[in-house]
Number of protein chains: 2
Amino acid sequence: MAKTTRRTDGLSKELIVKAATDLLDGGGEAALTLRALTTHLSTGYGAIYHHVANRGDLLAAATDDVIARVMTGVVIDADPRDALRAVALGLFDTIDAHPWVGAQLSREPWRPALLEIYESVGRLLDAFGVPEQALVDAAGALVHYILGAAGQNAANSQILADSETDRSDFLSAVAARWSRLDPDQYPFVHKAATQLREHDDREQFLAGVDIFLAGVATLR
Amino acid sequence: MAKTTRRTDGLSKELIVKAATDLLDGGGEAALTLRALTTHLSTGYGAIYHHVANRGDLLAAATDDVIARVMTGVVIDADPRDALRAVALGLFDTIDAHPWVGAQLSREPWRPALLEIYESVGRLLDAFGVPEQALVDAAGALVHYILGAAGQNAANSQILADSETDRSDFLSAVAARWSRLDPDQYPFVHKAATQLREHDDREQFLAGVDIFLAGVATLR
DNA sequence: ACCTGAACACCGTTCAAGT
DNA sequence: ACCTGAACACCGTTCAAGT
């Protein structure tokens, strides 16, 4: 049977990372098991551990890979505001497409993935006119907002993917639960429930970026 | 031996959640194992599963508990700006003290924990003068920033706790690595390296809150 | 109702042995 | 150098059996 024949071509870290990404995209972080990887690559455990230190290393490498792909597309000679919005939205969409990346990014802050993000955001904020002494704080804040919002959104998508209910049913259910709350005790959430159903995640995310940029503009 | 005698008082979800919180605070999310719980509470698996659906339920209940404790202290009749800073800092400090809460909060958005947070932030932004049609976007953005920044900070603390190196050694090591980067390819990160050693996480976090509030103020 | 603990079906990782 | 796969030390969860 073809399934049990040993692979003839050589294995590589790149190949393993690619297979890991496929598993992660298909079923979330829990789907990346060494056993699934060996069958997927029709090889043994030792082969994988020969190219990769452990599961955590593999997860980190896959994250770096995904982020590097989106960050290389960053255009620098556009208007800084447009470029910042583009970078933010690019990260949002990438994390939406690869939800496991969201949780992973906060794990190892010195990794290439986060470095690329800070560099792009910091440089664009510089071009945007943020004074030098405020630049680090501003970049940190914007990166935290982007990753926080994208991570939350990704977690929501993950829940939707797992539960097999579709998006509008899910939002309706949450909205219904929220509007059932006591308006005296929860005035804000009670009111927000009506807006929940028709809201667009990407638009809300960009609205947040704009609020942040308006705040940053007051520093100039 | 006392260790193996069966407990005489009854078990309860509250007691189990408390024990789980102790384990989580002591060794992070990986430290919460059902085996550790049974020995900690000197009981069996069935006893725990009688009060709690599964490990995820326990993790969620512990998170709700921690967040409820910090959110009940929110003062509402202060200046909205001060109150917002206080809520933000309270969450930051709580997540710093219980790092596992950071990752957990993004997992189940309809849970009481996140509900309390949205309600407080939304109400305070309303008092701050944010126009109604922008309120949901603004609250979402601020909550995402708070949780993103606090979560990242908590992840860093977790790494420090695991690696047994102290904070200033760790920051020095990262700063050294960053200043070794090519200044042409990484102008921002290269420059930021010098500021890394003396920066204060809480102050940087509050600077981000202020940037955000300045942006929100332009909506009024 | 509340609890016990052996058993089950999984994990990641190691390592002697092969080519 | 590169790879195999049995074995090990863990997991969360179940469930027949006890009080």
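Because only heavy atoms are used, hydrogens play no part in the values below, and waters and symmetry mates are left out as well, while side chains stay in. Below, chain A is the first sequence line, B the second, and so on; all start at residue 1.
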Undergrad: Mind checking what makes ring-ring contact (aromatic ring centres under 6.0 Å, His included) contact with A/Phe205, not counting sequence neighbours?
TA: A/Phe92, A/Tyr145
Undergrad: For a quick test of reading the model: is some side-chain N or O of A/His50 closer than 4.0 Å to OP1 or OP2 of D/dT4?
TA: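 So the side chain of A/His50 is outside the cut-off, no N or O lying under 4.0 Å from OP1 or OP2 of D/dT4.
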Undergrad: Can you tell me how far C1' of C/dC2 sits from CD1 of B/Ile16, to the nearest Å?
TA: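 Checked: the CD1 to C1' distance equals 11 Å.
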Undergrad: Take atom C1' in C/dC8 and the same atom in D/dC11, then report the distance between them in whole Å.
TA: 12 Å
Undergrad: Under 3.5 Å, which protein N or O atoms sit close to an N or O of nucleotides 10-12 of chain D? Give each pair with its distance.
TA:
unit_1 : atom_1 : unit_2  : atom_2 : d
D/dG12 : OP1    : B/Leu32 : O      : 3.3
D/dG12 : OP1    : B/Arg55 : NE     : 3.3
D/dG12 : OP2    : B/Leu34 : N      : 3.0
D/dG12 : N7     : B/Arg35 : NH2    : 2.5
D/dG12 : O6     : B/Arg35 : NH2    : 2.9

Undergrad: So which heavy atom on B/Leu160 is nearest to which on B/Phe170, and how close?
TA: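 So the minimum-distance heavy-atom pair works out to CD2-CB, 3.3 Å.
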Undergrad: Nearest whole angstrom, please: distance from the C1' of C/dT4 to the CG of B/Leu37.
TA: 16 Å
Undergrad: Going by an N to O cut-off under 4.0 Å, is there a salt bridge joining B/Asp210 and B/Arg85?
TA: yes
Undergrad: For C/dG5, which nucleotide in any strand shown is its Watson-Crick or wobble partner with both distances under 3.5 Å?
TA: D/dC15
Undergrad: Is C/dC10 paired to anything, Watson-Crick or G-U wobble with both distances less than 3.5 Å, and if yes, which nucleotide?
TA: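 Its partner is none (no Watson-Crick or G-U wobble pair with both distances under 3.5 Å).
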Undergrad: Tell me if the CD atom of A/Glu14 is crowded by more than 12 foreign heavy atoms within 6.0 Å.
TA: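 Open: at most 12 neighbouring heavy atoms sit under 6.0 Å from CD of A/Glu14.
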Undergrad: Taking the same atom, P, in C/dC2 and in D/dA17, what whole-Å distance lies between them?
TA: 22 Å
Undergrad: If you count the non-hydrogen atoms of other residues, nucleotides and ligands that lie under 6.0 Å from NZ in A/Lys18, is the total more than 12?
TA: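 Counting neighbours around NZ of A/Lys18, 12 or fewer heavy atoms of other residues, nucleotides or ligands fall under 6.0 Å, so no.
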Undergrad: Taking the C1' atom of each, how far is C/dC3 from D/dA16, in whole Å?
TA: 13 Å
Undergrad: Which pairs of donor and acceptor atoms, one on a side chain in residues 27-36 of chain A, lie under 3.5 Å apart (sequence neighbours left out)?
TA:
unit_1  : atom_1 : unit_2   : atom_2 : d
A/Glu29 : OE1    : A/Arg107 : NH2    : 3.4
A/Thr33 : OG1    : A/Ala36  : N      : 3.0
A/Arg35 : NH1    : A/Tyr45  : OH     : 3.3

Undergrad: Verify the contact: side-chain N or O of B/His51 to OP1 or OP2 of C/dC3, cut-off strictly under 4.0 Å; return yes or no.
TA: yes
Undergrad: Can you tell me which residue among B/Thr21, B/Asp64, B/Ile67, B/Thr94 is in a side-chain contact (heavy atoms from CB on, under 4.5 Å) with B/Val101?
TA: B/Ile67
Undergrad: C1' atom, D/dA9 versus C/dC10: distance in rounded Å?
TA: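 After rounding to an integer number of Å, I get 13 Å for this pair.
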Undergrad: Taking atom C1' of D/dC2 as reference, at what distance in whole Å does atom CD1 of A/Ile48 sit?
TA: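 So the CD1-C1' distance, A/Ile48 to D/dC2, works out to 13 Å.
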